[in-house]
2 protein chains.
Amino acid sequence: MSTYLDTGRGANRLVASLDAAGHRLTGPRLAVAELVAAREGHFTAAELLVDADRAQPGIGRATVFRTLDLFTSLGFVERVDLPGGDHAYVACDPVHHHHAICTSCGRSTDVDDVGLGNVLAAIGRRSGFSVTAHRLEIFGLCSACSAERP
Amino acid sequence: MSTYLDTGRGANRLVASLDAAGHRLTGPRLAVAELVAAREGHFTAAELLVDADRAQPGIGRATVFRTLDLFTSLGFVERVDLPGGDHAYVACDPVHHHHAICTSCGRSTDVDDVGLGNVLAAIGRRSGFSVTAHRLEIFGLCSACSAERP
DNA sequence: TATCTAGGTGATACTGTGTCTCATATGGAT
DNA sequence: ATCCATATGAGACACAGTATCACCTAGATA
């Protein structure tokens, strides 16, 4: 779970990032940042829209999507595709990593590349494919949930 | 690239699969199967709809989607998510594997699990996560395209 | 071969996500 | 305090995918 979008200490990072990329720090952006940070695990655009409307009535639908896009491009949020094919978003650290998504509670854990690089290199060697990007999503039960239902 | 949906020899497999699962072999299904097999690499639903309308005018939009769903559940087709976030489909073998998608020509190559199992096991061990499913998509240049533009 | 029926189809309307446009508002540089 | 590029909100739009429902047909049965 990320802390990069938390209000307080974490917000500094967001502000710095927006600033560095020449984006303004606006009310709606802060509001969306707080809503995203408040969410445990992944959420759909629809859920966030409901949140946004409750937290700050009058915030535009387009603005929420735009902000989500912006945060995605800054790496604070990532789009994931659930096993069912639905789209969702998760707050995360702006460094390369992957998500392990709990199918029970919905929370996501960031995991690093533990050896995946080698796997991709092996694939490239075998197939002549020159790998430039990849996406790995992992689904299962987080430690808390698998303890609960063994 | 798969041969499972090819007409001729490959169609046997499709027929057998439909039959085994208690599905009928109908005209529209064969037509869609041929269109999918004729496509090199991934394609969007929209593209297939255009194809379908050209190949067999009168074929219903819903039928194409239904057939795509059916083939997906049989494993002959898989949904992939392009880097841009768009959905696409690819014809493929009905065994567990991953796709390496060429960002230049769009063709996809099936790759097997070369060591990914170990990676997932390592992730599980580290994080206490009990992995039940995963999705790996690889993007880059296929051998032909990377030879062309070095 | 004729009959029967569960499963499949096409037409159409609908839902939901995400985008576009454009007039208005505002952050933050000066 | 002023100014203007950037951001916003409203609402129309585009598109993917689903639901419904009357009709049709593959293929099992007799």
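First the proteins, then the strands, lettered A, B, ... as listed; each starts at 1.
One axis for each end of the helix from dT1(C)-dA30(D) to dT30(C)-dA1(D), each built from five base pairs, and the angle between them comes to 30° at 10° resolution.
By the ring pair (Phe, Tyr, Trp, His ring centres under 6.0 Å) test, H97(B) pairs with H99(B), sequence neighbours left out. Taking S73(B) as the reference, L70(B) meet the side chain to side chain contact (heavy atoms under 4.5 Å, CB included) condition, with sequence neighbours excluded. For H134(B), the ring pair (Phe, Tyr, Trp, His ring centres under 6.0 Å) partners are H96(B), H98(B), not counting sequence neighbours. For R125(B), there are no salt bridge (Lys or Arg N to Asp or Glu O under 4.0 Å) partners at least two apart in sequence or on another chain. Residues passing the side chain to side chain donor-acceptor pair (under 3.5 Å) test with T63(B) are R66(B), sequence neighbours excluded. For R126(A), the salt bridge (Lys or Arg N to Asp or Glu O under 4.0 Å) partners two or more places apart in sequence, or in a different chain, are D112(B). In terms of the salt bridge (Lys or Arg N to Asp or Glu O under 4.0 Å) criterion, D53(B) has no residue partners (sequence neighbours excluded). Not counting sequence neighbours, the partners of D81(A) by the side chain to side chain donor-acceptor pair (under 3.5 Å) test are H87(A), R135(A).
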Anything under 3.5 Å between a protein N or O and an N or O of nucleotides 27-30 of chain D, put it in a table, one pair a line.
unit_1	atom_1	unit_2	atom_2	d
dG27(D)	OP1	L25(B)	N	3.2

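Running 5' to 3' along DNA chain C, contacts with non-hydrogen atoms of chain B at under 4.0 Å begin and end at dA6(C) to dA11(C).
In this model, the phosphate group of dG17(D) is approached by a side-chain N or O of Y89(B) to a distance below 4.0 Å at OP1 or OP2.
Residues from residues 54-61 of chain B lying near DNA chain D, meaning a heavy-atom separation below 4.0 Å, are R61(B) in numerical order.
Nucleic acid contact for R29(B): sugar-phosphate only, since backbone atoms but no base atoms lie under 4.0 Å from a heavy atom of the residue.
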